[in-house]
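See below for the structure under consideration.
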Amino acid sequence: MSDTKRVALVTGASSGIGRETAILLAKEGYEVIGAARRMDRLTELAGQVEGIRPVDVDLSDTDDLEKFCEHISGLPEPVTALINNAGYSLRGALEDVSIEAARRMFQVNVFALMRITQACLPGMRKMRGGTIVNLSSMAGKFAFPGSGPYAATKHAVEAITDALRVEVRPFGIRVVTIRPGFIATEFNDVANTLTGDLFARTDPDYKPVYETSGKAIGSMFAGVTVPGPELIAGIVAEAVLSDSPRIVYHAGLFSEEFLGKRAGLDDEGFDEYLSDMTGLKDLKL
Ligand SMILES: NC(=O)c1ccc[n+]([C@@H]2O[C@H](COP(=O)([O-])OP(=O)(O)OC[C@H]3O[C@@H](n4cnc5c(N)ncnc54)[C@H](OP(=O)(O)O)[C@@H]3O)[C@@H](O)[C@H]2O)c1
């Protein structure tokens with residue numbers, strides 16, 4: 001592999017995909033900087049797995065993010081594997097998502113990813129190598145109703161990743177997009193907590209929309225097993241360790257089906273497919 005130094009930075013290492021990725025990379029001999037807000041989780045992880053160094057950062061706080069990036073820029077060894085993983089989702093029809101909450105989500109899912117990447121790139125350019133792995137989502141290629149702002153953050157991640165990949169390829173830096181489908185982590189609980197009680201606050205007009213789509217989406221999960229975060233972490237580690245990683249990977253529940261349809265159908269066809277899948281095609285109110 002082209003990496004000469006072995007420092008990895010994993011954002012969102014306190015749970016889910018980030019935690020499993022930090023563990024795998026540490027076991028591969030990387031010195032892993034694991035960043036998140038919940039230091040208790042990170043400290044516990046560092047106590048269990050040798051080679052993980054916890055760093056406390058709130059990516060929604062621009063001052064904290066700057067301090068963190070100064071720390072990263074000042075490291076004696078450059079980051080050779082950057083895993084931009086931290087992120088979360090909010091749910092709700094557009095009318096039910098506050099601009100302030102959407103802005104905070106963009107700050108974490110998009111602007112922090114950009115800023116941390118900027119902090120790591122000079123070191124990578126200098127050594128003419130390194131790997132950047134950005135966690136997008138299958139929602140980076142289409143949008144479920146009731147999840148537009150989250151999908152918008154992941155569409156932004158896709159665009160930034162695509163441009164960056166070509167910009168820095170001349171320096172030997174590899175840039176990889178990962179598009180998970182549904183994965184069993186704390187992601188769902190976090191989204192529910194941050195979204196709050198949509199039913200209690202929405203206009204009565206929207207209740208049938210939520211009920212219908214909730215029922216249709218819920219029925220998709222009947223009898224299926226949602227894979228755990230190890231699935232995606234394994235792919236991230238594979239991309240980092242490979243001599244020639246693919247530019248895009250996808251895995252996880254329904255990723256094949258939805259991304260396949262999105263790639264195979266035109267805009268009209270996909271709109272019809274998704275309206276049908278979410279039960280909203282024939283709903284008239
Ligand atoms: N699970 C899925 O179904 C799924 C599907 C597609 C894409 N993804 C993407 O995969 C990535 C990882 O998600 P996951 O499923 O592993 O979810 P998770 O278990 O909820 O982990 C999210 C991580 O992000 C960190 N984070 C959130 N807000 C932060 C903030 N303000 N500052 C610093 N860190 C913050 C959390 O740490 P703290 O709370 O400790 O700060 C946590 O470690 C996300 O980008 C997500 O969008 C997930």
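Residue numbers count from 1 along this sequence. Here the structure is a predicted model, which is why all the values come from computation and not from measurement. Counting starts at 1 for both ligands and their atoms, following the listed order.
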Indicate, as side chain, backbone, both or neither, the part of [X] found under 4.0 angstrom from ligand 1 when only non-hydrogen atoms are considered.
{"X": "F187", "value": "both"}
{"X": "A35", "value": "neither"}
{"X": "F254", "value": "neither"}
{"X": "K154", "value": "side chain"}
{"X": "I232", "value": "neither"}

Of the listed options [options], closest to [atom] (non-hydrogen atoms):
{"atom": "atom 18 (P) of ligand 1", "options": "S60, G12, S15, G16", "value": "S15"}
{"atom": "atom 43 (O) of ligand 1", "options": "A139, P180, S14, S89", "value": "S14"}
{"atom": "atom 45 (O) of ligand 1", "options": "N85, L135, N84", "value": "N85"}
{"atom": "atom 22 (C) of ligand 1", "options": "A36, G87, A86, G18", "value": "G87"}
{"atom": "atom 4 (C) of ligand 1", "options": "G181, G252, A112", "value": "G181"}

* Asked: Does a donor on one side chain sit under 3.5 Å from an acceptor on the other, for S136 and R179?
  ->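 Short answer, no.
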* To do: State if S136 counts as touching ligand 1 under the rule of any non-hydrogen atom under 4.0 Å.
  =>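 Yes; S136 lies near enough to ligand 1 that a heavy-atom distance drops under 4.0 Å.
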* Audit row: Y30, V10, side-chain contact (heavy atoms from CB on, under 4.5 Å) steps and yes/no -> CA-CA 11 Å; Y30 276 82; V10 181; over 6 Å; no
* Asked: N84 pairs by side chain to side chain contact (heavy atoms under 4.5 Å, CB included) with which of I132, T161, V157?
  -> I132
